[in-house]
Structure formats: C-alpha cells, structure tokens
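Quick caveat: nothing in here was measured; it's all calculated off a predicted structure.
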Amino acid sequence: MPRPKHDAGLLTTKLRVCEIFFSLQGEAARVGLPSVFIRLTGCPLRCTWCDTPYAFTGGEIMPLALILDKVRALPTRHVCVTGGEPLAQKNCLTLFTLLCDEGYDVALETSGALDIGGVDKRVARILDLKTPSSGEMEKNRWENLALLTQKDEIKIVIADRADYDWAAERIREHRLPTRCSVLLSPVQGAQNATELAEWILADGLDVRFQMQLHKLLWGNMQGK
Ligand code: SF4
C-alpha cells in the first residue's frame with residue numbers, strides 16, 4: 001500500500017513521546033492482542049503505586065508524521081496510546097483522528113482526571129477511577145462517566161480492602177456496569193489477587209477481574 005504523503009501539519013504538530021514499542025496488550029478487552037504502544041510523556045498525577053514513573057519526564061519530541069511512520073512499520077492494526085497521561089498533551093487528539101482515519105483500532109488509557117470529551121468517538125477509552133490508596137482520588141473527573149459508551153471500559157486498581165469497598169460502592173452508586181465493562185485489578189505486590197477474586201465472587205459484583213498479562217510474561221520490564 002503506498003504511504004500517504006505527509007502534509008505540513010503532520011510535520012509541525014508534535015508530541016513528547018516516552019517510547020513506542022510492540023508487545024501484547026496486557027489488559028482490558030484487547031488483552032493478548034499484538035499491539036503498538038505509544039507511551040506519551042507527562043502526567044499531572046502521582047499515584048502512589050504508579051508503575052511508569054519513568055514516563056513523567058524526558059522522552060523525545062516527535063512530529064506526528066514520524067509517530068505514524070513508526071506505527072505503520074509494525075505488523076498490527078491495534079494501537080494503544082498510553083502514558084503517563086496522554087490527554088495532558090492536546091495534540092494527542094489529532095493523533096487519535098489520524099490513526100482512526102488510517103483504519104487502526106485505537107485504544108486510549110487515561111487516568112480519568114482529564115476531560116475525555118474531545119477524544120475521537122472511534123477510540124475505545126479505558127478510563128481509570130482512582131481509589132483512596134492511589135492518593136489521587138480527588139482528581140477523578142466524575143463528569144467523564146456520562147460520556148462513556150459500550151465500547152469504553154472503566155478500570156479500577158485495588159491495593160487493599162478499603163479500595164475494594166470504595167470501588168464496590170462507586171460501582172453500585174453510579175451503576176457503572178450499565179455504562180460499559182468495569183475491570184478490577186490488584187496492585188502487584190500489594191493486593192493478593194486470589195483474595196480480590198474471592199471478594200468479587202462473594203459480592204456478586206458485575207465486573208471483570210483482570211491481571212496484567214505483560215507482567216505475568218515479562219515482569220516489570222520496560223518496553224513490554
Ligand atoms: S495516572 Fe497513571 S501514569 Fe499518572 S501517576 Fe497515576 S498510574 Fe502513573
């Protein structure tokens with residue numbers, strides 16, 4: 001397939017990129033699918049259990065044209081834009097539309113603290129709800145919930161029983177499973193996975209339990 005020519009805007013519109021890599025999607029509905037990951041630099045949050053603090057600073061400023069070239073060079077139609085917090089850089093909105101226009105299946109992983117309203121409607125939004133243990137619960141932007149559709153997902157990371165109780169309460173209060181899939185994951189090294197699974201079953205909570213596949217396969221290796 002001939003490559004589309006880059007227009008001037010794609011060369012002058014830029015994003016600060018932490019890394020671009022090819023791996024298996026480790027979470028949510030696309031788990032197990034070979035995917036390109038575009039990890040953008042920067043995040044306004046500081047979750048206590050953040051596993052990507054290396055994405056807070058640094059990275060390389062890249063024109064959108066170069067990012068698209070790197071994506072096209074990899075053998076998959078699945079693209080995950082993650083961070084950091086991708087929405088902290090407004091040019092990511094243009095990137096979403098360009099990727100969707102080229103036929104990619106695009107997912108966004110976002111902290112839930114920023115407005116998702118401007119994201120191209122074709123993008124699947126994986127929205128975090130931050131629990132008490134994260135230290136960032138006050139940043140949850142509850143208005144985002146009304147914008148979610150069935151192709152989106154809500155992810156809640158659980159570090160202890162207090163987080164679980166908080167999550168169960170929010171799930172019921174906002175009837176989250178009627179909006180989209182709700183994912184509960186244990187914080188590796190903090191919350192016992194089996195215990196979390198048992199709590200979900202005991203309460204009959206209408207959620208999907210998940211563990212991060214990439215960590216089971218590769219541990220905390222960066223770029224996997
Ligand atoms: S929102 Fe994500 S990237 Fe930002 S501090 Fe929290 S876990 Fe880390």
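For the side-chain contact (heavy atoms from CB on, under 4.5 Å) test, residues two or more places apart in sequence or in another chain that qualify with K215 are D51, Q188, Q212, N220. For D152, the side-chain contact (heavy atoms from CB on, under 4.5 Å) partners at least two apart in sequence or on another chain are R125, L148, T149. Remark: T48 engages no residue in a side-chain contact (heavy atoms from CB on, under 4.5 Å) (not counting sequence neighbours). Under the salt bridge (charged side-chain N to carboxylate O under 4.0 Å, His left out) criterion, E173 pairs with R170, sequence neighbours left out. Among residues two or more places apart in sequence or in another chain, the side-chain contact (heavy atoms from CB on, under 4.5 Å) test is passed with R172 by A168, D203, L205. Every salt bridge (charged side-chain N to carboxylate O under 4.0 Å, His left out) that R122 has, sequence neighbours left out, goes to D101, D120.
Between the side chains of D163 and S133, at least one donor-acceptor pair of N or O atoms lies under 3.5 Å.
When all heavy atoms of E85 and P44 are compared, the pair lying nearest together is CB-CD, 3.8 Å. The heavy-atom pair separating Q210 from A28 by the smallest distance is OE1-N, 2.8 Å.
Among pairs with a residue in residues 91-148, those fulfilling ring-ring contact (aromatic ring centres under 6.0 Å, His included) read W142-H174, at least two apart in sequence or across chains. The list of ring-ring contact (aromatic ring centres under 6.0 Å, His included) pairs with a residue in residues 59-84, not counting sequence neighbours, is empty. Applying the ring-ring contact (aromatic ring centres under 6.0 Å, His included) test to every pair with at least one member in residues 11-49, sequence neighbours left out, gives these pairs: F21-F37. Sequence neighbours left out, the pairs with a member in residues 191-224 that pass ring-ring contact (aromatic ring centres under 6.0 Å, His included) are Y164-W199.
Taking a 4.5 Å side-chain heavy-atom cut-off between Ile, Leu, Val, Met, Phe, Trp and Tyr, the cluster of L183 contains only that residue. Clustering of Ile, Leu, Val, Met, Phe, Trp and Tyr by side-chain heavy atoms under 4.5 Å joins L45 with none of the others.
Side-chain contact between L68 and L98 is present, with heavy atoms from C-beta onward closer than 4.5 Å. When side chains are defined from C-beta on, P186 does not count as touching N192, because their heavy atoms never get closer than 4.5 Å.
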